[in-house]
Amino acid sequence: MIIRLYLKPVGKCRTMADSENHIRVRFAPSPTGHLHVGGARTALYNYLYARKTGGKFILRIEDTDAKRSTVESYKGIIESMEWLGLNWDEGPLRGGDFGPYTQSGRSVLYHNEAQKLIDGEKAYYCFCTPERLETMRFEMEEKKLPPKYDGRCEGLSEVEVAERLSKGVPHVVRFKMPHEGSVFFRDIVRGEFSFENGKLDDFVLIKSDGRPTYNFAVVVDDAHMKISHIIRGDDHLSNTPRQVHLYRTLGYNMPKFAHLPMILGSDHSRLSKRHGATSIAYYRNRHYLADGLLNYLALLGWSFDGKKELFTRKALIEKFSLKKISKNPAIFDNSKMEWINSEHLKEVSLAGKISLVQDVLDEEDLLPPEFDVDITKPVDLKIVPDREEIKETKSHNYKMSDKEIERLATIIIVLGNRLKLLKDVPAIIGYFYTDDYKVDEEAVRMHLLRSEIPSRMNKLADEYQKLRYFDRKSVEKVLRDLAFDLEIAAGELIHPCRVALTGKIVSPDIFWVVVLLGKDKSVERLRKAAKLYSVT
RNA sequence: GGCCCCUUAGUCUAGUGGUCAGGACGCAUGGUUCUCAGCCAUGAAUCAGGGGUUCAACUCCCCUAGGGGCUACCA
C-alpha cells in the first residue's frame with residue numbers, strides 16, 4: 001500500500017496590508033434606462049471581485065446627461081441592484097468617504113480639475129457653435145478625412161477668451177490632445193494596447209451646460225474615489241486612450257483596466273428593448289431567482305474550468321477571477337438561463353419554496369383559495385415545515401392557516417422538479433386554488449369526448465364519494481379496482497380523470513391531485529365533466 | 001469612411017504545436033411511468049475561409065470575410 005502525504009500547497013505569499021487591501025472597484029451606470037442584463041453582469045463582476053479580494057464595491061450614478069437622466073431610472077437601477085443582492089459598500093443610500101456618489105453633485109470638482117488643465121494650458125475654451133461643428137464634420141467627411149475638431153479656438157488669445165467669456169458666449173472646454181506620439185495601456189483581459197495620439201481629437205471636457213462629459217467625469221471620479229480596477233464593458237475600450245491621457249496630465253495614479261466582452265441579442269446586435277427581456281426588473285417581476293440570474297450572467301464571459309456551471313453566490317465569489325474572463329461577445333440565451341434558474345430552485349428549502357410559491361399565488365389573486373380543502377389527516381408525508389421558517393422569508397399579504405400551509409407544502413412536494421420556474425405556478429397548480437382555471441380544449445377532445453367516458457366519470461365519482469379515508473393509497477385502489485371491474489386499463493380512467501380535475505393533459509401524480517383537491521372538489525369536478533360532455 | 005476589438009456545434013464555454021477537440025443548455029432516440037417533469041442511457045452537431053511557418057496547426061504569422069465598438073456638447 002502506498003501512502004501519500006499530501007501537503008497543502010502554500011498559498012501565494014501575500015504580505016498583509018499590501019495592495020490587495022486597497023482594491024476598490026465600481027459600477028457606474030447612467031440613469032437613462034432600466035438596469036439591463038449587460039449592466040448587471042458588469043456590476044456582478046465588480047461585486048465578485050471586490051468580495052473575493054476583500055476590497056470595496058462602489059456604486060456611482062453617472063447622470064451628466066441632463067436630457068436623458070431620469071429619477072425613475074435612478075430608482076429602478078437601485079431597486080434592481082438591491083434585488084440582485086449586489087450590495088455596494090459606498091454609494092447612494094449608503095454614503096461613504098468619497099461622496100457624493102452622484103455626478104450631478106460633484107460639479108465643483110470637475111470645474112476645479114478643468115481649471116487646472118486650462119491654467120496649465122492642457123485645455124482651452126471653445127466657442128464654436130454646434131452648427132459650425134456639424135458643417136466642419138460634414139466637410140471633413142467629404143474630403144474623406146477622419147472627422148476631428150480642427151482646433152480653431154485653441155489659437156484664441158487670452159484677451160479674446162476673456163472678452164467672450166464676459167459676454168457670456170456659450171462655450172465648452174476642450175482637452176488639448178498632443179498630435180505626436182502614442183499612448184500605451186494594459187488591459188487585464190485584452191493585453192497591451194498602443195494608440196496613436198494623432199487619431200484622437202480635442203474632445204470636450206465640460207459641456208456648454210456646465211456639466212462634464214463622460215470621458216472627463218469618469219476619470220476625475222475614478223481617481224478621486226481611488227478606484228483601483230476599472231471593470232467595465234468593452235464599449236469603453238476605444239475611450240480608454242483618451243482617458244489615459246487625462247490620468248497622465250492630471251497626475252492621477254493609473255488604475256488597472258479590465259474590459260468585458262459585450263452581451264448581445266440573439267441577432268448578434270447590441271442588446272436593446274427590441275430583444276424583449278433585457279431588464280432585470282422583467283426577471284424580477286416574473287419571479288426568477290436573483291441567484292439563478294446572477295449565476296447565468298456570471299457564465300456570460302467567464303468560466304471556472306469549463307465544466308462546473310452551477311454556482312451559489314458564495315461559490316461565485318470564491319471562484320471568480322478576472323484572468324478567466326473571455327474576450328468574445330456572448331449572446332444571451334434564455335433557455336439556458338431558465339435551466340440554471342430551475343436548478344437553483346431545486347436547491348431552495350421546502351419552507352423557502354412555500355414562501356416563494358405563496359408569493360406568486362398571492363400576486364395572481366389565487367389567495368385566499370376559492371374553496372377549502374381538508375386533506376385527510378394522516379397524509380403519508382410528514383413534512384410540515386416550521387412555520388417560523390416560512391414567516392421569516394417573507395411577509396405576505398395573505399396569511400395562510402397551518403392547514404393551508406400543510407396543503408401547499410404537500411402540493412410542492414408532489415410537484416417535485418416539475419416546478420421549474422415560479423412564473424409557471426399559476427398555470428401548473430392554479431386548479432388547486434380556483435375553479436376558474438384554464439381548460440385545454442385539446443385535452444378534452446383527447447380524453448373526455450367519448451360516449452363511454454361520462455358514465456365512467458360518474459362511477460368514479462360515486463366510488464370516491466363513498467370513500468371514508470381519502471388518502472392517496474385508498475384513492476388509487478378505488479380507481480384501479482373500478483378499472484378492473486370495468487375491464488379497462490387503469491389509464492382509461494386516469495387520463496379522463498386528470499382532464500376533468502385539472503383541465504390539463506399533464507399534472508403531477510393523479511392520485512395526489514385527487515387527494516389534494518379533496519373529496520368534495522374531486523367528486524364535484526368529476527360529475528361536472530360527466531355532465532358537460534355527456535351529450536355529444 | 002477611419003481606427004480598435006472579437007471569431008471553437010444553434011447558444012455559453014474548456015483546450016494544447018501531435019487530444020477520439022472536453023463540458024453545459026438546447027435538440028433527437030430509447031428505458032423507467034398514469035401524463036408530464038425528472039432520472040438513466042445513447043445520438044446528431046464545432047475549430048469562419050484562404051494562404052503561409054512547421055515533420056506536424058484548432059493552436060503561431062498574414063490576408064479575407066463576418067460581427068461588435070469608438071469616431072457626440074450619449075454614456
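FYI, side chains are in, hydrogens and waters are out, and symmetry mates aren't considered; it's all heavy atoms of this structure.
Comparing A:S507 and A:N417 against RNA chain B, the residue whose closest nucleotide sits nearer the 5' end is A:S507.
Residues A:T32 and A:S30 bring a donor and an acceptor atom of their side chains to less than 3.5 Å of each other. For the residue pair A:Y296 / A:E338, no side-chain donor-acceptor distance below 3.5 Å is found, with atom types taken as modelled. For the residue pair A:D202 and A:Y124, a side-chain donor N or O sits within less than 3.5 Å of a side-chain acceptor on the partner. A donor and an acceptor atom, one from each side chain of A:D221 and A:Y110, are located under 3.5 Å apart.
Rounding to whole angstrom units, CD1 of residue A:I263 and P of B:U11 are separated by 16 Å. Distance, A:W512 CH2 to B:A37 C1': 18 Å, rounded to whole Å. Atom-to-atom, CG of A:D440 to C1' of B:C36 comes out at 13 Å; the value is rounded to the nearest Å. Distance A:K327 NZ to B:C47 P: 21 Å, rounded to the nearest Å. The nearest whole Å value for the distance from the CZ atom in A:F332 to the P atom in B:U13 is 13 Å. Across the protein-nucleic acid pair, A:I331 atom CD1 and B:C12 atom C1' stand 10 Å apart, rounded to whole Å. Spacing between atom CG of A:N328 and atom P of B:A48 amounts to 11 Å, rounded to whole angstrom units. Distance CD1 (A:I428) to P (B:G38): 12 Å, rounded to an integer number of Å.
The aromatic rings of A:F257 and A:F185 sit perpendicular to each other, their planes meeting at more than 60°, with 30° as the lower class boundary. Below 30°, between 30° and 60°, or above 60°: for A:F203 and A:F175 the angle between ring planes is between 30° and 60°, a tilted geometry. Classified by interplanar angle (parallel below 30°, tilted 30° to 60°, perpendicular above 60°), the ring pair A:Y283/A:F332 is tilted.
A heavy atom closer than 4.0 Å to some atom of RNA chain B occurs in A:L299, A:L300, A:G301, A:S303, A:D305, A:G306, A:K307, these being the qualifying members of residues 295-308 of chain A. Near-neighbour residues of RNA chain B inside residues 335-344 of chain A, defined by a heavy atom below 4.0 Å, number-ordered: A:S335, A:K336, A:W339.
At a threshold of 4.0 angstrom between heavy atoms, the contacts of A:K504 with the nucleic acid are absent. When heavy atoms are screened at a 4.0 angstrom cut-off, A:F193 is found touching the sugar-phosphate backbone but no base atom.
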Residues A:N295, A:L289; criterion side-chain contact (heavy atoms from CB on, under 4.5 Å); working and verdict
CA-CA 10 Å; A:N295 186 165; A:L289 299 177; over 6 Å; no
I'd like to know whether A:E463 forms a side-chain contact (heavy atoms from CB on, under 4.5 Å) with A:D481, so could you lay out the CA-CA distance, the side-chain angles of the two residues, the decisive distance to 0.1 Å, and finally the verdict.
CA-CA 10 Å; A:E463 294 303 317; A:D481 287 350; over 6 Å; no
Derivation and outcome, side-chain contact (heavy atoms from CB on, under 4.5 Å), residues A:H229 and A:I188
CA-CA 10 Å; A:H229 292 68; A:I188 295 171; 4.0 Å; yes
Test log, rule ring-ring contact (aromatic ring centres under 6.0 Å, His included), inputs A:Y288 and A:Y282:
CA-CA 9 Å; A:Y288 284 83; A:Y282 174 93; 7.3 Å; no
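B:G17 makes up no base pair with any nucleotide shown, lacking Watson-Crick or G-U wobble contacts both under 3.5 Å. Base pairing of B:A48 is made with B:U64, judged by Watson-Crick or G-U wobble geometry with both donor-acceptor distances under 3.5 Å. Nucleotide B:G38 forms a Watson-Crick or G-U wobble pair with B:U32, both donor-acceptor distances falling under 3.5 Å. The partner of B:G43, taking Watson-Crick or G-U wobble pairs whose two distances both stay under 3.5 Å, is B:C27.
A cation-pi arrangement, defined by a distance under 6.0 Å to the six-membered ring centre and an angle within 45 degrees of its axis, is absent between A:R186 and A:F184.
Each salt bridge (Lys or Arg N to Asp or Glu O under 4.0 Å) pair with one or both residues in residues 300-312 of chain A, not counting sequence neighbours, appears once here: A:E309-A:K336.
If you check distances only, the side chain of A:R418 does reach the base of B:C36 with a donor-acceptor pair under 3.5 Å.
Checking A:I340, A:V348, A:N341 one by one against A:H344, the side chain to side chain contact (heavy atoms under 4.5 Å, CB included) holds for a single residue, A:I340. The residue from A:K327, A:R232, A:H236 that alone fulfils the side-chain hydrogen bond (donor to acceptor under 3.5 Å, both in side chains) condition with A:H259 is A:R232.
One P atom belongs to B:G50, the other to B:C36, and the distance between them is 46 Å to the nearest Å. The same atom, P, is picked in B:A48 and in B:G10; the two are 12 Å apart, to the nearest Å. Comparing B:A57 with B:G18, their P atoms are spaced 11 Å from each other, to the whole Å. With both ends at atom C1', the span from B:C47 to B:U7 equals 10 Å, rounded to whole Å. Comparing the P positions of B:C12 and B:G68 gives an interatomic distance of 14 Å, to the nearest angstrom. If you take atom P in B:U42 and the same atom in B:A24, they sit 12 Å apart, rounded to whole Å. With both ends at atom C1', the span from B:A28 to B:A65 equals 33 Å, rounded to whole Å. The same atom, C1', is picked in B:U59 and in B:A14; the two are 14 Å apart, to the nearest Å.
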Compile the donor-acceptor pairs under 3.5 Å between side chains in residues 413-432 of chain A and protein atoms, sequence neighbours left out, one pair per line.
unit_1	atom_1	unit_2	atom_2	d
A:R418	NE	A:L415	O	3.2
A:R418	NH2	A:V414	O	3.4
A:Y431	OH	A:I428	O	3.2

How would you summarise protein contacts on nucleotides 28-34 of chain B per nucleotide, using B for base, S for sugar-phosphate only and - for none, with heavy-atom distances below 4.0 Å?
------B
For each nucleotide in nucleotides 63-75 of chain B, reading 5' to 3', give B when a protein heavy atom comes within less than 4.0 Å of its base, S when such contact involves only the sugar-phosphate, and - otherwise.
----SSBSSSBBB
